[in-house]
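Just so it is clear, the values below take in all heavy atoms, side chains as well, and ignore hydrogens, waters and symmetry mates.
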Amino acid sequence: MLDWWLPENVSTYGRDIDWLFHLIYYITGITAILVFATMIIFLVMYKDRPGRRARYTHGNTTLEIVWTVIPSLILVILTFLSVPAWSKIKMQAPPPSDFVVQVTAKQFNWQITYPGPDGKFGTEDDKTLLDEMHVPVNKIVHVNLKSQDVIHSFFVPQFRMKQDAVPGREIMQWFEATKPGKYELPCAELCGFGHSGMRGWIYVHTPADYQKWAAENLQAAAAPAAAAADEKKAEEKKDAATPAAPAAKTGGKAKR
Ligand SMILES: [Cu+2]
């Protein structure tokens with residue numbers, strides 16, 4: 001019923017999060033209505049009338065116990081209801097996958113590193129993109145999240161995914177997107193003066209489109225020299241056409 005309220009869910013575990021969100025929303029919504037209705041009724045009931053005198057009252061101990069115990073119970077129940085979703089998304093080891101991307105947050109960009117043709121990180125052929133990630137649809141993607149400076153937060157609203165990037169730690173997260181498209185990746189942690197401009201995009205491709213993109217952008221080092229040169233030319237043309245691309249490339253190369 002509240003689905004219009006949230007961004008479209010394109011993640012396999014999004015429903016679990018949305019269900020909790022809606023439950024909490026209904027509980028707080030009903031509580032707010034009850035509190036405001038009582039307040040308005042009391043405003044009318046106890047308003048100043050000729051001949052009525054103000055009277056000191058201590059309160060009602062039974063009522064106070066009731067309205068302390070009920071919210072406490074609701075919080076405990078909510079905790080237990082959240083456990084399955086949180087353990088599936090955050091606590092258990094993520095489902096195995098051969099698709100791993102390294103994300104290093106810095107003021108004020110997302111550096112997205114692919115292992116390159118050798119499948120290993122920290123080698124010559126790694127490819128780093130700035131503020132863009134490309135993944136295939138219906139594929140479990142592991143994200144190794146790091147930060148180079150301060151605390152950032154990797155947030156993809158449509159994936160219902162949010163995780164802080166903490167300096168000195170490497171945090172493994174995962175997602176599986178269910179629909180091709182372009183999804184915003186803002187930083188959700190106030191990380192400095194350029195925080196509001198810190199955002200990237202996640203491109204979810206169909207498997208065929210992803211293969212094509214990867215062949216053009218990740219496999220270049222493995223291609224024979226002639227093909228690589230052709231590809232470079234084609235890329236240069238593409239770069240000239242899209243002003244954002246050269247910046248992304250330079251950013252990636254400058255890091256290595
Ligand atoms: Cu940030």
Side-chain angles (χ1 to χ4, degrees), residues 3 6-18 88-90 92-104 110-146 154-163 171-186 199-224 226-228 230-239 241-242 244-245 248-249 251-252:
D3 281 345
L6 297 172
E8 187 187 7
N9 163 39
V10 298
S11 160
T12 48
Y13 53 66
R15 290 211 141 266
D16 303 338
I17 299 283
D18 289 0
K88 176 170 151 192
I89 300 165
K90 299 272 184 188
Q92 289 166 359
S97 171
D98 54 353
F99 197 103
V100 185
V101 184
Q102 216 160 58
V103 175
T104 309
W110 300 106
Q111 301 168 111
I112 319 283
T113 304
Y114 290 81
D118 70 354
K120 287 188 195 113
F121 286 107
T123 51
E124 274 283 285
D125 67 349
D126 287 6
K127 297 271 171 180
T128 299
L129 308 171
L130 212 57
D131 297 328
E132 60 176 289
M133 183 192 281
H134 296 256
V135 296
V137 71
N138 298 328
K139 173 100 186 156
I140 292 173
V141 177
H142 286 193
V143 177
N144 277 349
L145 194 56
K146 294 195 279 190
F154 185 96
F155 180 37
V156 193
Q158 282 90 346
F159 296 179
R160 308 294 191 264
M161 179 187 185
K162 194 189 230 178
Q163 174 60 52
I171 300 170
M172 160 76 92
Q173 286 290 296
W174 67 280
F175 66 82
E176 183 180 347
T178 55
K179 189 180 163 190
K182 180 184 174 188
Y183 305 104
E184 194 183 5
L185 162 60
R199 64 172 191 170
W201 296 97
I202 299 187
Y203 297 83
V204 177
H205 300 282
T206 59
D209 282 353
Y210 179 77
Q211 285 303 332
K212 197 164 157 261
W213 178 85
E216 282 166 10
N217 296 277
L218 300 182
Q219 311 293 339
D230 280 352
E231 227 166 74
K232 211 173 169 199
K233 253 186 233 160
E235 254 178 54
E236 272 162 16
K237 256 189 222 160
K238 220 169 72 189
D239 287 356
T242 47
K249 284 239 160 59

Under the salt bridge (charged side-chain N to carboxylate O under 4.0 Å, His left out) definition, can you give me all pairs with a residue in residues 200-211, not counting sequence neighbours?
none
Does [X] have any side-chain hydrogen bond (donor to acceptor under 3.5 Å, both in side chains) partners at least two apart in sequence or in another chain, and if so, which?
| X | value |
| --- | --- |
| Lys139 | Asp98 |
| Asp16 | Lys88 |
| Arg15 | none |
| Lys182 | none |

Using ring pair (Phe, Tyr, Trp, His ring centres under 6.0 Å) as the criterion, list what pairs up with Phe159, not counting sequence neighbours.
Phe175, Tyr183
Only counting residues at least two apart or in another chain, list the ones meeting side chain to side chain contact (heavy atoms under 4.5 Å, CB included) with [X].
| X | value |
| --- | --- |
| Glu184 | Pro186, Arg199, Trp201 |
| Lys212 | Glu216 |
| Pro7 | Pro157, Gln158, Arg160 |
| Asp118 | Lys120, Thr123, Asp125 |

Minimum heavy-atom separation for [X] and [Y], please, with both atom names.
| X | Y | result |
| --- | --- | --- |
| Leu145 | Phe154 | CD2-CB, 3.7 Å |
| Val137 | Lys179 | CG2-N, 3.5 Å |
| Val135 | Tyr210 | C-CD1, 3.7 Å |
| Glu132 | Ile112 | O-CG1, 3.2 Å |
| Ile89 | Trp174 | O-NE1, 3.3 Å |

Output yes when a side-chain donor or acceptor of His142 lies under 3.5 Å from a complementary backbone atom of Pro95, and no otherwise.
yes
May I ask you to decide if Met172's main-chain N or O and Asn144's side chain share a donor-acceptor pair within less than 3.5 Å?
no
Distance from Lys90 atom NZ to Met161 atom CE, nearest 0.5 Å?
7.0 Å
So ring pair (Phe, Tyr, Trp, His ring centres under 6.0 Å) across residues 117-136, not counting sequence neighbours, yields His134-Tyr203, His134-His205, His134-Trp213
